[in-house]
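Below: one structure, written as structure tokens.
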Amino acid sequence: MSRCHLFFLSITLISYYSTLIGNAQVFEKTAEMKGDIVEFPITLINAYPFISATVNGEKGKFMFDTGFAASIFLNDNLLSLPDKKLKGNGTTGSGQSFKIYLNDSISNILFTNGLTYKNLEKISSGNFNFIQEHITPDFLGFLGYKFFKDYLFKIDYLKRKITFYKNSLERNVSKDFLADEEVLAVIDFDIRTLENIPLVKLKIHDIEVLGEFDTGQNGFLQLDNTSFNQLVSKDYLRCSGVESNGEALLTVKDIIMDGKIKMTLKGVESSPLEDTQNQKNKAGITEPNLMTIGYRFLMEYKTVWDYHNKKIYILEY
């Protein structure tokens with residue numbers, strides 16, 4: 001073989017292995033998103049988006065839950081974490097209590113897109129057996145806000161993918177995340193006491209309601225008695241079915257979001273006011289009328305969540 005052929009073979013091999021290393025994207029110590037544009041395939045189970053991964057050799061799925069503030073929160077009912085140390089107590093948005101542990105023994109988390117973390121420190125865990133029993137038995141834990149806090153993301157339930165875009169001045173101008181998209185509305189949201197909870201003004205017909213965006217929700221509606229009776233009497237609210245637990249499912253008409261887009265949502269859960277009072281207190285929510293904006297909405301619209309500029313772009317599927 002000539003020296004010329006050897007030279008080009010060497011260059012090719014170097015390029016090939018460099019590409020492999022780049023695709024592997026191996027990072028250590030801290031579980032935070034890396035890269036400029038990062039895409040994850042998702043699986044929808046019982047209205048929740050999941051991202052497949054392997055933790056310390058155990059295959060399973062993370063729930064992508066913007067309502068969870070932590071970067072990564074593991075399920076130690078599935079995973080063997082012998083060195084975990086008790087940290088305190090916690091509750092989920094749906095009211096379940098669990099003990100929180102701290103772990104410095106997470107040797108490897110590998111996502112299917114090649115993103116890999118090694119030797120992670122200060123990773124929290126808890127026993128989420130109720131999620132394993134009712135949603136998916138291979139539940140690894142949660143991916144929450146601090147995993148992607150320096151990014152905006154586009155979530156597409158029809159194509160089953162989430163795409164993260166690194167925040168930058170250039171991107172703020174170019175808005176490349178909107179390329180080839182039809183923008184239906186740009187919603188302004190507020191943040192109160194929790195940086196991961198976007199809050200937006202809604203009206204259902206002429207009744208004021210606070211909206212809370214959360215990928216970890218199917219979507220529920222809480223109303224005081226006066227508001228509920230007014231909307232039912234005018235047929236803007238009606239029962240459209242019953243859940244397996246006996247709770248009513250609602251069709252909600254004439255929802256106006258931030259004064260910019262009107263919609264009807266079906267299959268919204270009815271929730272008593274007292275069910276989420278603890279979580280409302282944490283989020284600084286004092287309004288009695290609350291609607292969580294989750295699966296029922298996200299199946300109707302593609303969205304971009306821009307926490308840095310406090311905007312949510314509602315896109316046509």
Quiz prompt | Lys154 and Glu181: CA distance, side-chain angles, deciding distance, side-chain contact (heavy atoms from CB on, under 4.5 Å) verdict | solution = CA-CA 11 Å; Lys154 182 189 297 183; Glu181 301 287 3; 2.8 Å; yes
Quiz prompt | Criterion side-chain contact (heavy atoms from CB on, under 4.5 Å) on Asn46 and Asn218, from CA distance to verdict | solution = CA-CA 8 Å; Asn46 285 11; Asn218 175 61; over 6 Å; no
Quiz item: Checking side-chain contact (heavy atoms from CB on, under 4.5 Å) for the pair Asn75/Leu140: CA distance, chi angles, key distance, verdict?
Solution: CA-CA 5 Å; Asn75 175 22; Leu140 290 171; 5.8 Å; no
Practice problem: Applying side-chain contact (heavy atoms from CB on, under 4.5 Å), run through Leu290 and Gln279 and close with a yes or a no. | Solution: CA-CA 12 Å; Leu290 175 67; Gln279 296 303 315; over 6 Å; no
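In this structure a side-chain-to-backbone donor-acceptor pair under 3.5 Å is present from Asn103 to Ile123. Between the side chain of Asp156 and the backbone N or O of Lys161, no donor-acceptor pair lies under 3.5 Å. For the pair Ser124 (side chain) and Phe73 (backbone), a donor-acceptor distance under 3.5 Å is absent. At distances below 3.5 Å, at least one donor-acceptor pair connects side-chain atoms of Lys260 with backbone N or O atoms of Val186. Judged purely by atom type and a 3.5 angstrom limit, Ser233 has no side-chain atom pairing as donor or acceptor with the backbone of Leu231.
Heavy atoms from other residues, nucleotides or ligands lying under 6.0 Å from NZ of Lys201 number 12 at most. More than 12 heavy atoms of other shown residues, nucleotides or ligands fall within 6.0 angstrom of atom CZ in Arg192. For Lys262, the NZ atom counts as loosely surrounded, since its 6.0 Å shell holds 12 or fewer non-hydrogen atoms of other residues, nucleotides or ligands. Within 6.0 Å of NZ in Lys175 there are more than 12 heavy atoms belonging to other residues, nucleotides or ligands. Annotation for Glu208: atom CD does not count as buried by contact number, only 12 or fewer foreign heavy atoms lying within 6.0 Å. Enclosure of atom NZ in Lys266 is not indicated, since only 12 or fewer non-hydrogen atoms of other residues, nucleotides or ligands lie within 6.0 angstrom. More than 12 heavy-atom neighbours from other residues, nucleotides or ligands sit within 6.0 angstrom of NZ on Lys282. Heavy atoms of other residues, nucleotides or ligands lying less than 6.0 angstrom from CG of Asn225 number 12 at most.
One finds the CG atom of Asn89 at 4.5 Å from the NZ atom of Lys99 (value rounded to the nearest 0.5 Å). Rounding to the nearest 0.5 Å places CG of Leu74 at 8.5 Å from CG of Leu120. Put simply, CZ on Phe27 and CE on Met33 are 10.5 Å apart, with the number rounded to the nearest 0.5 Å. Atom CD1 of Ile72 is separated from atom NZ of Lys146 by 13.0 Å, given to the nearest 0.5 angstrom. Atoms CZ and CD1, on Phe50 and Ile135 in that order, are 5.5 Å from each other to the nearest 0.5 Å. The distance from atom CZ of Phe213 to atom CG of Asn196, rounded to the nearest 0.5 Å, is 14.5 Å.
Ring-centre distance between Phe142 and Tyr145: not below the 6.0 Å cut-off. Residues Phe64 and Phe40 place their aromatic rings such that the two centres sit no closer than 6.0 Å.
When every heavy atom of Asn289 is checked against every heavy atom of Asp224, the shortest pair comes out as OD1-N, 2.9 Å. The minimum heavy-atom distance between Asn127 and Asn77, with the atom names listed, is OD1-CB, 3.3 Å. Heavy-atom minimum distance, Leu158 versus Met299: CD2-CE, 4.1 Å. The minimum heavy-atom distance between Asp258 and Asp188, with the atom names listed, is OD2-N, 3.0 Å. Across all non-hydrogen atoms, the minimal contact from Met291 to Val209 is N-CG1, 3.7 Å. For Ala283 against Thr193, the heavy-atom pair with the smallest separation is C-OG1, 2.9 Å.
Side-chain contact between Leu143 and Phe111 is present, with heavy atoms from C-beta onward closer than 4.5 Å. Between Thr303 and Phe297 there is a side-chain heavy-atom pair separated by less than 4.5 Å. The shortest side-chain heavy-atom distance between Glu32 and Lys149 does not fall under the 4.5 Å cut-off. Counting heavy atoms from C-beta on, the side chains of Pro41 and Thr112 come closer than 4.5 Å. Within the 4.5 Å cutoff, no side-chain heavy atoms of Met263 are placed close to those of Glu300. Residues Leu223 and Leu237 form a side-chain contact, since some pair of their non-hydrogen atoms from C-beta on lies under 4.5 Å apart. For the pair Ile204 and Leu221, the minimum side-chain heavy-atom distance is below 4.5 Å. Two residues are said to be in side-chain contact when any heavy atoms from C-beta on lie closer than 4.5 Å; Ile106 and Leu81 meet this criterion.
Val183 is not connected to Ile261 by any chain of hydrophobic side-chain contacts under 4.5 Å among Ile, Leu, Val, Met, Phe, Trp and Tyr, and they are in different clusters. Criterion: ILVMFWY side-chain heavy atoms under 4.5 Å apart, direct or through other members. Under it, Leu250 and Leu273 are not part of a common hydrophobic cluster. Under the 4.5 Å side-chain contact rule for hydrophobic residues, Trp305 and Phe62 share a cluster. The hydrophobic cluster containing Ile293 also contains Ile255, counting ILVMFWY residues as joined when their side-chain heavy atoms lie under 4.5 angstrom apart, directly or transitively. Phe153 and Phe189 fall within the same hydrophobic cluster, where Ile, Leu, Val, Met, Phe, Trp and Tyr residues are linked whenever their side-chain heavy atoms come under 4.5 Å apart, directly or through other members.
Legend: residues meeting side-chain hydrogen bond (donor to acceptor under 3.5 Å, both in side chains) with Glu212, ordered by chain and number and at least two apart, are absent.
A salt bridge does not link Asp138 to Lys59: none of the charged nitrogens lies less than 4.0 Å from a carboxylate oxygen. Residues Lys122 and Asp104 are not paired through a salt bridge, judged by the lack of any N-O separation under 4.0 Å between the basic side chain and the carboxylate. Salt-bridge check for Asp190 with Lys310: failed, with every basic side-chain N at 4.0 Å or more from each acidic carboxylate O.
Every pair passing salt bridge (charged side-chain N to carboxylate O under 4.0 Å, His left out) that includes a residue from residues 63-86 is listed here, sequence neighbours excluded: Asp76-Lys84.
Note on ring orientation: taking the six-membered ring where Trp is involved, the planes of Tyr157 and Tyr295 are tilted (angle from 30° to 60°). Ring-plane geometry between Tyr307 and Phe148 is classed as tilted, the angle between the planes lying from 30 to 60 degrees on a 0 to 90 degree scale.
The only option from Ser270, Ser227, Ser271 that meets the side-chain hydrogen bond (donor to acceptor under 3.5 Å, both in side chains) definition with Gln222 turns out to be Ser271.
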